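Everything below concerns the one structure shown next.
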Amino acid sequence: MFVPLSVLEFRDRAAAYFGEKVGIVDGDRRFTYRLFAERTHRLANALRELGVVPGDRVSFITYNTHQLLEAYYGVLEAGAVLNPINIRLAPREIAYILDHAGSRLVFFHADFAPLVKELAANLTTRPRFVILEGETDGGVATHEYEALLASGSPAAISPTIDENAIAELFYTSGTTGLPKGVAITHRQLHLHSL
């Protein structure tokens, strides 16, 4: 029997064996492994409800937050490709990455709202925007993260994983030219984790 390698099994194992233990700490927020898994399922289902299909790029412009950690599992569970953005890059480079990756959705921390508003008007891909912490307030964001999660089903999707499919798309911050995309497969992520 062939079982494809995927980091999703790490989340599932933690929820099954250590479900009631606190596994995620982000400031004053605490999540058990079971609640964390549920939140990632909700994210995956909400992404699908927004029309995200396998292979779509979902970008995150944020700090190291629980939402970004949830994306590392929820985006992959939805079959999409996670594209975490280096927040230290110049606005021109971030805009280039969003366009080059063909981002379908962009999640962003409220601290980056002015940057995102500036970028949104000039992007050729025209992604939809989700604010992580804060209100949409008529800005570029059409959704708020916690409300989006609440709309998603807590049921696991159980996607068919091709271990050689792209799971994450990073961009380098090279010293010459524009950032370069680096594709990482499900198999590579799994083996790196081990």
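Note that the structure is a prediction, hence the values are computed from the model and not measured. Along the sequence shown, residues are numbered consecutively beginning with 1.
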Could you walk me through whether Leu50 and His143 pass the side-chain contact (heavy atoms from CB on, under 4.5 Å) check? CA-CA 10 Å; Leu50 288 176; His143 296 87; 3.6 Å; yes
Separation between [atom1] of [X] and [atom2] of [Y], rounded to the nearest 0.5 Å:
{"X": "Leu43", "Y": "Leu76", "atom1": "CG", "atom2": "CG", "result": "10.5 Å"}
{"X": "Leu123", "Y": "Phe129", "atom1": "CG", "atom2": "CZ", "result": "5.5 Å"}
{"X": "Thr185", "Y": "Asp162", "atom1": "OG1", "atom2": "CG", "result": "9.0 Å"}
{"X": "Gln188", "Y": "Glu163", "atom1": "CD", "atom2": "CD", "result": "10.5 Å"}
{"X": "Glu38", "Y": "Thr32", "atom1": "CD", "atom2": "OG1", "result": "8.5 Å"}
{"X": "Leu148", "Y": "Leu47", "atom1": "CG", "atom2": "CG", "result": "6.5 Å"}

Is the number of heavy atoms from other residues, nucleotides or ligands under 6.0 Å of Arg30 CZ greater than 12? yes
Tell me, yes or no, whether the heavy-atom count around Glu146 atom CD, taken from other residues, nucleotides or ligands under 6.0 Å, exceeds 12. yes
Side-chain H-bond candidate by donor/acceptor type, [X] with [Y], under 3.5 Å:
{"X": "Glu70", "Y": "His66", "value": "yes"}
{"X": "His100", "Y": "Tyr171", "value": "yes"}
{"X": "Arg42", "Y": "Ser153", "value": "no"}
{"X": "Asp99", "Y": "Thr125", "value": "yes"}

Check step by step if side-chain contact (heavy atoms from CB on, under 4.5 Å) holds for Arg104 and Val58. CA-CA 6 Å; Arg104 176 89 184 249; Val58 178; 5.5 Å; no
Test Tyr33 against Arg11 for side-chain contact (heavy atoms from CB on, under 4.5 Å), laying out the working first. CA-CA 8 Å; Tyr33 285 110; Arg11 174 208 53 201; over 6 Å; no
According to a 4.5 Å side-chain heavy-atom criterion applied to Ile, Leu, Val, Met, Phe, Trp and Tyr, with indirect links allowed, do Val116 and Leu105 form part of one hydrophobic cluster? no
In the hydrophobic clustering (ILVMFWY, side-chain contacts below 4.5 Å, transitive), which residues join Val53, or is it alone? none
Hydrophobic cluster mates of Val22, side-chain heavy atoms under 4.5 angstrom, ILVMFWY only, any path? Val25
Using 30° and 60° as the class boundaries, would you call the ring planes of His109 and Phe112 parallel, tilted or perpendicular? perpendicular
Under 6.0 Å from the ring centre and within 45 degrees of the ring axis: does the NZ or CZ of Arg39 meet both conditions for the six-membered ring of Phe36? no
Testing Phe60, Tyr63, Phe108 for side-chain contact (heavy atoms from CB on, under 4.5 Å) with Leu132, which one passes? Phe60
Could you walk me through whether Ile94 and Ile61 pass the side-chain contact (heavy atoms from CB on, under 4.5 Å) check? CA-CA 9 Å; Ile94 293 173; Ile61 303 172; 4.0 Å; yes
